[in-house]
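Each chain gets a letter, A, B and so on, in the order the sequences are listed, and its residues count up from 1.
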2 protein chains.
Amino acid sequence: MTTPYSIAYTILQQCAQLGSYSEESECLTRRFATPPMRQVNAAVTQWMQEAGMSVRQDAIGNIIGRYEADHADAKTFLLGSHLDSVRDAGKYDGPLGVLTAIACVRLLHERQQRLPFAIEVFGFADEEGLRYHVPYLGSQAVAGVLAPHHLDQPDVDGITMREAIRTFGGDPDTLATCVRDKSDLLGYCEVHIEQGPVLEKSDIPVGVVTAIIGQRRMNVTFTGEAGHAGTVPMNLRHDALTAASIFIVLVEQKAQQHAGLVATIGQISVYPGASNVIPGKVTLSLDVRHADDDQLEQVCQQFEQMAREMAKKRQVAVTWQQVQQHGSIRCDHHLLDLLQRAIEQQGQRVIALPSGAGHDAAIMNHLTPMAMLFVRCYKGISHNPLESVKVEDVAVALSVLERFLLSLAQEQRTA
Amino acid sequence: MTTPYSIAYTILQQCAQLGSYSEESECLTRRFATPPMRQVNAAVTQWMQEAGMSVRQDAIGNIIGRYEADHADAKTFLLGSHLDSVRDAGKYDGPLGVLTAIACVRLLHERQQRLPFAIEVFGFADEEGLRYHVPYLGSQAVAGVLAPHHLDQPDVDGITMREAIRTFGGDPDTLATCVRDKSDLLGYCEVHIEQGPVLEKSDIPVGVVTAIIGQRRMNVTFTGEAGHAGTVPMNLRHDALTAASIFIVLVEQKAQQHAGLVATIGQISVYPGASNVIPGKVTLSLDVRHADDDQLEQVCQQFEQMAREMAKKRQVAVTWQQVQQHGSIRCDHHLLDLLQRAIEQQGQRVIALPSGAGHDAAIMNHLTPMAMLFVRCYKGISHNPLESVKVEDVAVALSVLERFLLSLAQEQRTA
C-alpha cells in the first residue's frame with residue numbers, strides 16, 4: 001500500500017540518486033550548468049512525467065513540470081526549489097523541496113484528481129551561486145530580475161555564463177522567455193530543510209517560515225606590502241594576512257555579542273600566496289545576516305569602521321565592496337495561515353520561525369505571494385555531507401503540502 | 001670604453017630582459033621547467049657563449065657555462081645563483097648573481113686571461129620551489145641531495161615533476177648525472193641581492209654573508225565543522241578560519257617579542273571556500289627563521305603548543321606537520337676572508353651580516369666550501385616587483401667578485 005511513509009522513503013532514495021551526480025568524485029559539488037546538472041534534469045524529467053506532468057527546460061536551464069487544472073484558463077500555483085549545490089554539499093538542500101513537490105503531484109495524478117488551478121514544479125538551475133558568485137540565477141530568470149551583465153562573467157576556468165548556458169542547451173539571448181507572467185499566478189510554496197537547529201530542539205518535524213532574514217555580502221580587501229619572509233624584520237612588515245586575521249577575530253567577537261546576528265568569512269585568498277613571501281594582499285568574503293534590517297545595516301557599518309581603524313593603525317589599505325544585499329522578506333500571511341492549518345490538521349504543533357538562509361522563495365516574492373515549509377534536519381547541519389532528514393518528517397511535510405494544496409483548491413472553488 | 005659601470009648597466013639590462021620572460025602577462029612569475037625558463041636558458045646560453053664559455057643544460061634543467069683553466073686537470077671554482085622566481089617577483093633575486101658571474105668571466109675572456117682553475121657558472125633551474133613546494137631543486141640535484149620521491153609530486157595542474165622535467169628537455173631518470181664531483185671543486189661563491197634593509201641602512205653597496213640562518217617550514221591544518229552561514233548560531237560554530245586567524249595573530253605577537261625571529265604565514269586555503277559556508281578546514285603554511293638553532297626549535301615548539309591550546313578551547317582539531325627544516329649554515333671562513341679583502345681593496349667598508357633568506361649556497365655547502373656577497377637593494381624589498389638595485393652597487397659587486405677570483409688564483413699559483 002502506498003503510504004506517506006513509503007512515498008517519503010522514495011523521495012529520500014531519489015535525493016540519494018541526485019546526490020550521486022557530482023563534479024567531484026569524492027564529494028557532492030554541482031554547480032550551475034555543469035554535466036551533473038544535466039543528469040539531474042534528466043532524472044527529474046522522468047519523475048515529473050511519471051507524476052503526470054508535461055516537462056520543459058527553460059532558456060537558463062530550469063526544469064519545469066506542469067500538471068494541468070480541472071478547467072481551461074485556470075491560474076497556476078508554483079512549487080519548487082533548486083537542484084544545484086554548494087561544494088562538498090549535503091543531499092537535501094534544494095532537491096528535497098523539488099522531489100516532495102513532485103511526489104505531491106503524483107498523489108493527485110494517481111487519484112486522477114485535478115484542482116481548480118494548474119501546478120507547476122520548478123527545479124531551479126542555480127540557487128547557491130557557486131559557479132558565478134551570483135546566487136539565485138534560476139529563480140532570478142523566472143522572476144525577471146536577472147541583470148544581463150552577469151552573462152559576461154567568467155567562472156574559475158574562464159567560461160562565461162553566456163557560454164555555460166549555451167553549452168548546457170539553453171539560450172542566453174532569450175532569457176526573457178523564462179519570465180513567468182504574474183497575472184497567471186496564485187502563489188509559490190517551497191519545502192526546504194531548516195538548515196538550523198530550531199525544529200530539532202523543539203522536537204517538531206516541520207515548521208512554517210515567517211520571513212527570510214536580511215543579508216549583506218561584502219568583499220573586503222586588505223593591501224599591505226609583499227616581502228621576503230626571511231629578511232624583513234617583524235616591525236617593518238605590512239602583512240595583509242595578519243591584518244585580515246585581526247579583522248576576522250574582531251568580526252567573530254562582535255557577532256557573538258549581538259543577539260540574532262550571524263557573520264561569516266567563508267572565502268579568503270592571499271596574494272602572492274607563497275610560503276616564503278609576506279602576504280601583500282588579502283581578499284575575503286563577509287556574509288552578515290539579521291532579521292532586523294536596521295540592525296543589519298548598523299552592524300555592517302560598524303564592521304567597516306573596525307576594518308578601517310585597524311588597517312590604519314597597521315598602515316594597510318582597505319577596500320570595502322558590498323556585492324549583495326537584501327532586506328528581510330515576509331512570507332505571505334494568507335498562505336502562511338493555510339500552511340499552519342494544514343500542520344494542525346496533521347496533528348502537529350505549529351512553530352513559526354524566520355529563515356537565516358536565503359531561498360528561491362525570496363526571489364519568487366517579486367512575482368507572486370510566497371510561503372515556505374521547513375523540515376527538521378539532523379543537528380541543524382547543512383552545506384555539509386552530514387546533512388540528514390528523517391523519513392517520518394518528510395512524510396509529514398508531504399502530507400502538509402498535500403493538505404495545503406487541497407485547502408487552496410477548496411478556497412478557489414468557493415471564491 | 002668598457003668600465004665596471006657600463007658592464008653593470010648591461011647586467012641590469014639583461015635582468016630586465018629575463019624579467020620579461022614570465023608565465024603571467026601582468027607580472028613576473030617563472031616556475032621550474034616552464035616555457036619562460038626555456039627562454040631564460042636560451043638567453044643565458046648566448047651570454048655565456050659570448051663570455052667564452054662552453055654551455056650545457058643538465059638533466060634537471062640547470063644551465064651551466066664553463067670557462068677553462070690555464071692548464072689541464074685544473075680544479076674548478078663555481079659561481080652562480082638561480083633563474084626561477086616567486087609569484088609576482090622582482091627582476092634581481094637570482095638572475096643578478098648569474099649575470100654578474102657571467103660578466104666577470106667575460107672580463108677575463110676579453111683580456112684572454114686564464115686562471116689556474118676552471119670557472120663554472122650555474123644558472124639553477126629552481127630555488128624558490130613555487131611549482132612543487134620543494135625549494136632548491138636545481139642545487140639539490142647538483143649537490144646530490146634531491147630525494148627521488150619528489151619526482152612523483154604533482155603541481156597545481158596535476159603535472160608531476162617527472163613529466164615537467166621531461167617536457168622541459170631534461171631526463172628525470174638520469175638526475176644522478178647532475179651531481180658534481182666534490183674532489184674537483186675549490187668552492188662556490190654566490191652574488192645575491194640582500195633582500196633586507198641592513199646594507200641600505202648602513203649606506204654600503206655590498207656586504208659579506210656570515211651564515212644562512214636556520215629555517216623551519218610547517219603545514220598547519222585546523223579542522224572544525226562546515227555549516228550554513230545563515231542558520232548556525234555563532235555560539236554553536238566550530239569555524240576553522242576564525243581558529244586559524246587567532247593562531248596567525250598569536251604568531252605575529254610572539255614573533256614581534258622575540259629578537260631576531262621572523263615568522264610568516266604566506267599561504268592559507270579554506271575548505272569548502274564558499275562565501276555562504278562556515279569554513280570546515282583551513283590549512284596554512286608557517287615559515288619560522290632564527291640565527292640560533294636552539295631558539296628556533298624552542299619557538300616552533302611554543303607555536304605548536306599555542307595552536308593546540310587555542311584549538312582545544314574552540315573544539316577544533318589541529319595537525320602540525322614540519323615539511324622543511326635546516327639549521328644555520330656558516331659560510332667558509334677562508335673564502336669569506338678573501339671576499340672581505342676584495343671589498344677593502346675596492347675601497348669600501350666591510351660589513352658582515354647573516355642571511356635571513358635561504359640560498360642555493362646553503363645547498364652547495366654539502367659539496368664544497370661556500371661564500372656569498374650581498375648587494376644592497378632598495379628598501380630591502382624583495383619577492384616584489386619593486387625590487388631594485390643601483391647600477392653603481394652592481395659595478396662594485398662585479399669588481400669585488402673579479403678581485404676575489406684573482407686573489408684566489410694567486411693563492412692557487414703560490415700554493
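- Note: B:Ala274 leads B:Gly358, B:Ser382, B:Gly129, B:Ala274 in heavy-atom pairs under 4.5 Å with chain A.
- Proximity to chain A is limited to the side chain of B:Leu130, based on heavy atoms less than 4.5 angstrom apart.
- For chain B, the nearby parts of A:Ile278 are the backbone and the side chain; heavy atoms of each come within less than 4.5 Å.
- Of the atoms belonging to A:Val86, it is side-chain heavy atoms, and not backbone ones, that fall under 4.5 Å from chain B.
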Exercise answer: donor-acceptor pairs, residues 265-273 of chain B side-chain atoms, under 3.5 Å, sequence neighbours excluded:
unit_1, atom_1, unit_2, atom_2, d
B:Gln267, NE2, A:Gly273, O, 3.1
B:Tyr271, OH, A:Asp88, OD2, 3.2

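- The side chain to side chain contact (heavy atoms under 4.5 Å, CB included) search around A:Ala243 returns A:Phe222, A:Met310, A:Arg314, A:Val316, not counting sequence neighbours.
- Between chain A and the options B:Cys27, B:Gly90, B:Gly230, heavy-atom pairs under 4.5 Å are most frequent for B:Gly230.
- Taking chain A as the reference chain and counting heavy-atom pairs below 4.5 Å, the highest number among B:Pro233, B:Ser355, B:Ala244, B:Ala263 is found for B:Ala263.
- Side-chain polar atoms of B:Gln256 and A:Asn235 form no donor-acceptor pair below 3.5 angstrom.
- A salt bridge links B:Arg87 with B:Glu24; the closest basic N to acidic carboxylate O contact falls under 4.0 Å.
- Within the 4.5 angstrom heavy-atom criterion, only side-chain atoms of B:Asn384, from C-beta onward, approach chain A.
- A:Thr29 and A:Glu23 form no side-chain donor-acceptor contact under 3.5 Å, judged by distance and modelled atom types alone.
- The choice from A:Pro385, A:Gly227, A:Ala240 that makes the most heavy-atom pairs within less than 4.5 Å of chain B is A:Gly227.
- Residues B:Thr231 and A:Ala357 approach most closely at CG2-N, 3.7 Å, considering heavy atoms.
- Closest approach of B:Pro354 to B:Ile213, counting heavy atoms only: CB-CG2, 3.8 Å.
- Of all heavy-atom pairs spanning B:Tyr136 and B:Gln215, the tightest one is OH-OE1, 4.4 Å.
- Chosen from B:Leu261, B:Val249, B:Leu386, the residue pairing most often with chain A at heavy-atom distances under 4.5 Å is B:Val249.
- Listed by chain and residue number, B:Phe32, B:Asp84, B:Leu137 satisfy the side chain to side chain contact (heavy atoms under 4.5 Å, CB included) test with B:Asp126 (two or more places apart in sequence, or in another chain).
- Between chain B and the options A:Asn219, A:Val198, A:Ile248, A:Asp239, heavy-atom pairs under 4.5 Å are most frequent for A:Ile248.
- Considering every non-hydrogen atom in both B:Gln322 and B:Arg216, the closest pair reads OE1-NH1, 3.2 Å.
- Residue with the most contacts toward chain A among B:Ser275, B:Gly356, B:Gly196: B:Ser275 (heavy-atom pairs, distance under 4.5 Å).
- With a 4.5 angstrom heavy-atom cutoff, B:Glu387 does not touch chain A via any of its atoms.
- In plain terms, the two heavy atoms of B:Arg30 and B:Pro95 that are nearest each other are NH2-CG, 3.8 Å.
- Within residues 280-291 of chain B, the residues having any heavy atom less than 4.5 Å from a heavy atom of chain A are, in residue-number order, B:Ser285, B:Asp287, B:Arg289.
- A donor-acceptor distance shorter than 3.5 angstrom exists from the side chain of A:Glu194 to the backbone of A:Leu199, with no hydrogens or angles considered.
- Of all the listed residues (A:Val232, A:Asn276, A:Ile381), the one sharing the greatest number of non-hydrogen pairs under 4.5 Å with chain B is A:Asn276.
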